[in-house]
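By convention in this document, chain letters (A, B, ...) are assigned in the order of the sequence lines, proteins followed by strands, and residues within each chain are numbered from 1. None of the values given here were measured: they were computed from a predicted structure.
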There are 2 protein chains.
Amino acid sequence: MDVARSKGSDAGTPVACASCQARHGVVCGVLSSGQLKDLGRHSLRRKVDAGSEIVAQGSESSFYSNIMRGVVKLCKVMPDGRQQIVDLQFAPDFVGRPFVRESTLSAEAATDVEICVFPRDLLDRMISETPELRRSLHDQALKELDAAREWMLTLGRRTAEEKVASLLHLIATHAEPQTATTTVFDLPLSRAEIADFLGLTIETVSRQITRLRKSGVIRIEKFRHIIVPNMDEMERMISA
Amino acid sequence: MDVARSKGSDAGTPVACASCQARHGVVCGVLSSGQLKDLGRHSLRRKVDAGSEIVAQGSESSFYSNIMRGVVKLCKVMPDGRQQIVDLQFAPDFVGRPFVRESTLSAEAATDVEICVFPRDLLDRMISETPELRRSLHDQALKELDAAREWMLTLGRRTAEEKVASLLHLIATHAEPQTATTTVFDLPLSRAEIADFLGLTIETVSRQITRLRKSGVIRIEKFRHIIVPNMDEMERMISA
DNA sequence: CGCAGCGTTGAGTCCCTTCAATGTGCGTGG
DNA sequence: CCACGCACATTGAAGGGACTCAACGCTGCG
């Protein structure tokens with residue numbers, strides 16, 4: 001099995017990969033050590049500042065990347081400037097759209113981000129040669145699809161308060177739980193970005209956050225730092 | 001190449017498949033004639049009346065299906081009854097969620113539907129043995145993901161009028177264009193279903209439809225039968 | 001300090017919802 | 001055949017939740 005083989009032979013893998021966050025992620029976790037070496041030779045670590053674009057909407061990108069650290073937001077913008085964030089991605093997610101060169105969305109660093117960039121052509125070749133890699137990417141695509149549809153429910157049918165709670169819940173589930181019930185985390189998004197993710201305005205986001213604070217569902221320290229004393233209570237807010 | 005092989009040997013394929021709408025679809029279009037015969041032996045045509053459920057949300061379905069005729073809606077409902085349609089599927093789309101047995105959404109017939117049902121286990125086995133089949137399903141998943149994200153923009157950032165126009169545009173693009181600019185089609189959805197797809201109420205949907213009618217963007221005959229004299233004008237309504 | 005970026009808060013407005021009534025098409029049964 | 005009931009759709013009036021516009025607070029930085 002490919003997974004076992006690559007795991008068992010880390011000795012031959014590129015140095016840079018040994019301690020990489022994405023080493024056992026969707027892509028690199030299923031490559032043979034030979035493939036990993038090949039990919040490593042053609043890959044490049046890159047730091048991207050918060051707010052900077054990784055891939056532009058409408059552009060033809062000849063690169064894919066793995067997220068090693070930080071949070072990436074996928075955005076769609078309309079000609080008149082209206083904007084919608086359609087997904088958040090975390091390490092060790094894979095960023096890119098196989099089969100289609102021109103991107104229908106932009107990928108931007110929400111926080112400071114480190115990514116590992118590699119040539120599209122090379123990975124495309126590996127995909128066609130490696131059933132397990134295709135399976136893995138297929139699996140990620142389906143998970144993203146599930147998440148997208150779950151979010152459609154949030155966008156279409158939840159109230160502003162439920163929307164904000166849904167977002168906090170989403171972020172919280174990507175953080176380490178402090179105890180069985182309480183979770184602490186830093187928001188990777190500004191109020192404006194939260195609004196663009198929830199289909200709201202900055203002001204309503206702000207108001208709903210203070211509502212949640214006043215009702216005791218969350219505590220806030222320094223704007224972006226959030227404490228959820230009781231995740232069950234948080235889940236009750238989104239009634240699902 | 002698998003595609004060529006299966007196309008070239010229709011003589012050996014099951015009789016039922018010969019004239020099937022899904023014969024060259026995502027699944028059957030990439031199977032070898034042997035696999036097609038195998039799948040055909042274990043598959044079953046089924047008619048489903050409009051409004052009936054094909055797969056229930058939260059249930060464990062041991063079947064996949066191909067849509068041969070009609071329109072299927074994928075729905076999510078909340079405990080309190082709020083509902084969101086997250087996708088429409090048309091012949092010859094594949095319906096099912098590989099890798100996960102329990103469905104997080106329900107599939108319901110929007111119109112009268114004919115589907116071809118086959119065992120999950122059998123197709124799962126074929127997927128793992130047939131790279132081209134996995135590629136094909138991966139491709140469909142990514143296309144559905146693109147569509148879901150496009151719809152998130154509609155749900156989050158478009159006005160009621162733009163939402164209704166977006167829906168009509170979506171349906172229209174799945175119908176045969178009458179001339180270069182004009183398209184005629186039957187709505188596969190009731191006003192209530194349209195509302196659940198757009199995150200609106202029945203009444204606003206109705207009002208926006210009559211607005212579009214009065215402004216001349218569409219003409220209506222018999223509630224469900226719509227004429228779009230000029231698709232360019234329709235596209236201008238959704239400003240994208 | 002002064003400014004810029006980000007977040008909060010308030011007042012007023014508007015778009016969509018809610019509630020309610022009316023209209024339309026269709027199948028059923030008298 | 002028409003009356004009746006039902007499901008679906010339209011229309012109107014009133015209300016509310018989110019938006020718009022505007023002011024203000026906080027924080028970091030040149």
Sugar-phosphate only, base, or nothing, as touched by B:Ile209 at under 4.0 Å among non-hydrogen atoms: nothing
Sugar-phosphate, base or nothing in reach of A:Gly51, heavy atoms under 4.0 Å: nothing
Residue pair A:Arg224, A:Ser190: steps toward the side chain to side chain contact (heavy atoms under 4.5 Å, CB included) verdict: CA-CA 8 Å; A:Arg224 301 281 188 100; A:Ser190 70; 3.4 Å; yes
Aromatic contact, A:Phe185 with A:His174 (centres under 6.0 Å): no
Donor-acceptor pair under 3.5 Å: do we get one between [X]'s side chain and the base of [N]?
| X | N | result |
| --- | --- | --- |
| A:Arg191 | C:dT9 | no |
| B:Glu203 | C:dC16 | no |
| A:Arg207 | C:dG7 | no |

Carboxylate-amine/guanidinium contact [X] [Y], below 4.0 Å:
| X | Y | result |
| --- | --- | --- |
| B:Asp146 | A:Arg97 | yes |
| B:Arg157 | B:Glu162 | no |
| A:Glu150 | A:Arg158 | yes |
| A:Lys143 | A:Asp139 | yes |

In this structure, how many angstroms lie between the [atom2] atom of [N] and the [atom1] atom of [X], rounded?
| X | N | atom1 | atom2 | answer |
| --- | --- | --- | --- | --- |
| B:Ile194 | D:dC8 | CD1 | C1' | 12 Å |
| B:Glu193 | D:dC8 | CD | P | 9 Å |
| A:Leu189 | C:dC6 | CG | C1' | 14 Å |
| A:Gln208 | C:dT9 | CD | C1' | 13 Å |

Flag side-chain contact, heavy atom, 4.5 Å: B:Val71 against B:Ile171: no
So does [X] get a side-chain nitrogen or oxygen closer than 4.0 Å to the phosphate oxygens (OP1/OP2) of [N]?
| X | N | result |
| --- | --- | --- |
| A:Thr204 | D:dC19 | yes |
| A:Thr201 | D:dT20 | no |
| B:Ser206 | D:dA9 | no |

Contact residues, residues 214-226 of chain A to DNA chain C [heavy atom, < 4.0 Å]: A:Phe223, A:Arg224
Contacting residues from residues 154-169 of chain B, given that a heavy atom lies under 4.0 angstrom of DNA chain C: B:Thr159, B:Ala160
Parallel, tilted or perpendicular, as decided by the 30° and 60° cut-offs, for the rings of B:Phe94 and B:Tyr64: tilted
Options D:dA9, C:dT8, D:dT20, nucleotide nearest the side-chain atoms of A:Ile202: C:dT8
Test side chain to side chain contact (heavy atoms under 4.5 Å, CB included) applied to A:Ile226 and A:Ile220, step by step: CA-CA 5 Å; A:Ile226 309 279; A:Ile220 301 182; 4.1 Å; yes
